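In what follows, a single structure is set out as structure tokens and then discussed.
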Amino acid sequence: MIGCRRVAQQAVAARALRTKLTRAMIIRSRIADLLTAPPPAAQGRPVTVWGWARSRRDSKAGISFIDLSDGSVLAGLQVVAPATLPNYGDLLKRVHTGTAVRVTGLLVPSQGRGQSVEIQADAIEVVGDVDPEAYPIQKQAMSLEHLRGLPHLRARTRTVQAIMGVRSVLAGAVHRFFQDRGFACVHTPIITGGDCEGAGRQFRVTTLDPAKPPRTAEGGVDWAQDFFAREVHLTVSGQLEGETYACGLGDIYTFGPTFRAENSNTPRHLAEFWMIEPEMAFCDLDGDRAVASDFVRATVADALNRCGPEIEFLEKQQAPGLRASLETLAGSDFAHLTYSEAITALERSGKRFEFPVRWGIDLQAEHERWLVEEHCKRPAVVTNYPKEIKAFYMRLDDDGRTVAAMDVLVPRMGELIGGSQREDRLDVLERRMREAGLDPAHYAGYLDLRRFGSVPHAGFGLGFERLVCLVTGTQNIRDVIPYPRTPGHCP
RNA sequence: UCCUCGGUAGCUCAGUGGUAGAGCAGUUGACUGUUAAUCAAUUGGUCGGAGGUUCGAAUCCUCCCCGGGGAGCCA
């Protein structure tokens, strides 16, 4: 099985570069390169590979086979260890699942089934031993739930390698999507001074001594003596800063870490996650919806093209029908209905919901699930929600009852994207701030965008890990980020 | 935060009041190229913790700890 993650041409160039760079360092071939190399050139030549044994099979006549992985590709390289090796007996005692070895030998066409090439070993050296009694990673599939307790070792498993491989490709796909369309990548700040942005509780950032902070005359903490001479927090969204750069650079996107100090204990929430937030000047809600739909289709298609082996493996391992569902997702037109249309459909469905449906309620998970999975039977975008259940910065519709908001709902995950056209009329925005109990004085910069050369603009936010869950068919968001941070857990 | 289901060997799990179990892993051995190799033998347990009921508790009760799922908040 040949990994298609790397295009052959890139592989050749990368190989040449590495050869140059590693002359004075460790000499080795990457297994990915050996498995993708054109057969005549690759085969019959001496190579050195480093890796971890995934399993060892001892055959008749004393020949042993080591399934070797170096992390460069999902498929392993089969190492053939003949009994004639001087240290053969030692290898039988020391090579287990997880043992690190260096192998030198000839890359040859495989005599067995299951792989095209194998390495006929001339020398095998144990680089790092494993005590098989103590090593927690097994040869056989282990549950992601259990691996969560081994955050430093789970990257040794194929499932986590496949998930993280897809994650990496998706990260590239996000940048490719926007860069190909002329969007500028903007690095919005991680530490922000925004008071309350209405997007969840924030983590405080401070260098003050928590045991004895400086006090004001009134007895409160004197933040003026803190590092930034004011109260600051980790960002919960780059949107406000993104808007300011969109109203200058035109089309921008952010892709960075985001922090929410909410006590959310679900398979869809993290306290630290990566968020993608495009913002487009001269754009309305229809344009916003088009970009969001294109974004989902394009990044899913990109992953399908570049992660064939990973998706195939994950389908077998944890998500039956994954590839077909992703192909459907990448090829489908997303349904579009307004909130009012959605409510009408829900009311006429004849279904009894736990939360009764009437105009004005926020759509619950059960409602969204019915809309996507039974009513539309494809991804759906719901727009124009009642203003009462959406944020102050969303543009008020002409009817005065709804705002130009949208949610992109997908099968399995529910809400994947939330976005809106922003309120670009100064007087309306100020009024809506006051209605929301916010002090416009704290948003001077934000209001300046409307005061000077205000233009219609729109954007959306997308939790990157939810996209990774969708594409990898993973149920729990904690399994698609290396070190998940959740309430009570910072491993 | 609320509701709910769980915690038994390194891993996955069976065991619902009467001597602690299986498969895999590990160990030992067998086997002419294996593919989660196969076959035989075998090691391995504070049954999450503390208290209680009982002649007797993995099993029943109380509290606590940890995990899964659902809900809320949200991306």
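The sequence lines fix the lettering, A, B, ..., with proteins before strands; numbering per chain opens at 1. Note that this is a predicted model, so its numbers are computed, not measured.
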Would you give the length of the straight line joining atom [atom1] of [X] to atom [atom2] of [Y], rounded to the nearest 0.5 angstrom?
X	Y	atom1	atom2	value
A:T258	A:F464	OG1	CZ	12.0 Å
A:I481	A:R167	CD1	CZ	4.5 Å
A:M275	A:R260	CE	CZ	5.0 Å

Determine the Euclidean distance between corresponding [atom1] atoms of [M] and [N]; express it in Å to zero decimal places.
N	M	atom1	answer
B:rC73	B:rG56	C1'	50 Å
B:rA25	B:rC39	P	10 Å
B:rG18	B:rA37	P	39 Å
B:rC24	B:rC55	P	43 Å
B:rU16	B:rG21	P	14 Å
B:rA58	B:rG17	P	13 Å
B:rG49	B:rA57	P	15 Å
B:rA22	B:rU54	P	34 Å

Rounded off to whole Å, could you give me the [atom1]-to-[atom2] distance for the [X] and [N] pair?
X	N	atom1	atom2	value
A:D58	B:rA37	CG	P	10 Å
A:Q202	B:rC73	CD	C1'	15 Å
A:L409	B:rC74	CG	C1'	14 Å
A:L68	B:rU35	CG	P	19 Å
A:F203	B:rC74	CZ	C1'	14 Å
A:E415	B:rG72	CD	C1'	14 Å
A:E133	B:rC24	CD	C1'	14 Å
A:L147	B:rG67	CG	C1'	14 Å

With sugar-phosphate meaning primed atoms plus P, OP1 and OP2, does [X] contact a base, only sugar-phosphate, or nothing at under 4.0 Å between heavy atoms?
X	value
A:L270	base
A:Q111	base
A:E277	nothing
A:R154	nothing
A:S143	sugar-phosphate

Partner of [N] by Watson-Crick or G-U wobble geometry, both contacts under 3.5 Å, or none?
N	answer
B:rU42	B:rG26
B:rG56	none
B:rU35	none
B:rG69	B:rC3
B:rA9	none

Of the nucleotides [options], which one has an atom closest to the side chain of [X]?
X	options	value
A:R57	B:rU1, B:rU35, B:rC73	B:rU35
A:H96	B:rU34, B:rU27, B:rA37	B:rU27
A:E145	B:rG67, B:rA37, B:rC11	B:rG67
A:S55	B:rC73, B:rA37, B:rG68	B:rA37
A:P132	B:rC74, B:rC73, B:rU27	B:rU27
A:N476	B:rG68, B:rG26, B:rA71	B:rG68
A:A365	B:rG68, B:rA71, B:rA37	B:rA71
A:Q138	B:rA25, B:rU35, B:rG68	B:rA25
A:P267	B:rU1, B:rG70, B:rG72	B:rG70
A:R268	B:rC66, B:rU34, B:rG70	B:rG70

Start with the C-alpha gap between A:D251 and A:R181, add the side-chain angles, then the distance that decides, and say whether side chain to side chain contact (heavy atoms under 4.5 Å, CB included) holds.
CA-CA 9 Å; A:D251 294 331; A:R181 285 162 180 77; over 6 Å; no
Can you say whether a donor on the side chain of [X] sits under 3.5 Å from an acceptor on the base of [N], or the other way round?
X	N	value
A:H146	B:rC11	no
A:Q115	B:rU35	yes
A:S264	B:rC73	yes

Classify the angle between the aromatic ring planes of A:F178 and A:Y253 as parallel (below 30°), tilted (30 to 60°) or perpendicular (above 60°).
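The arrangement is parallel - the two ring planes meet at less than 30°.
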With a cut-off of less than 4.0 Å, is there a side-chain N or O of [X] near OP1 or OP2 of [N]?
X	N	value
A:R54	B:rU35	no
A:K93	B:rU27	no
A:R201	B:rC74	no

Check the surroundings of atom OH in A:Y245: do more than 12 heavy atoms from other residues, nucleotides or ligands lie under 6.0 Å from it?
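For A:Y245, atom OH is not crowded (no more than 12 foreign heavy atoms under 6.0 Å).
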Can you tell me if CD on A:E315 sees more than 12 non-hydrogen neighbours from other groups inside 6.0 Å?
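Atom CD in A:E315 is crowded, with more than 12 foreign heavy atoms closer than 6.0 Å.
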Hey, would you say the A:F203 and A:H233 ring centroids sit under 6.0 Å apart?
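No: the rings miss the under 6.0 Å criterion.
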What about the rings of A:H96 and A:Y135, do their centers lie closer together than 6.0 Å?
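Between A:Y135 and A:H96, which both carry aromatic rings, the centre distance is not below 6.0 Å.
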On RNA chain B, compare the nucleotides closest to A:Q78 and A:L363; which residue's is nearer the 5' end?
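Comparing both residues, the 5'-ward one is A:Q78.
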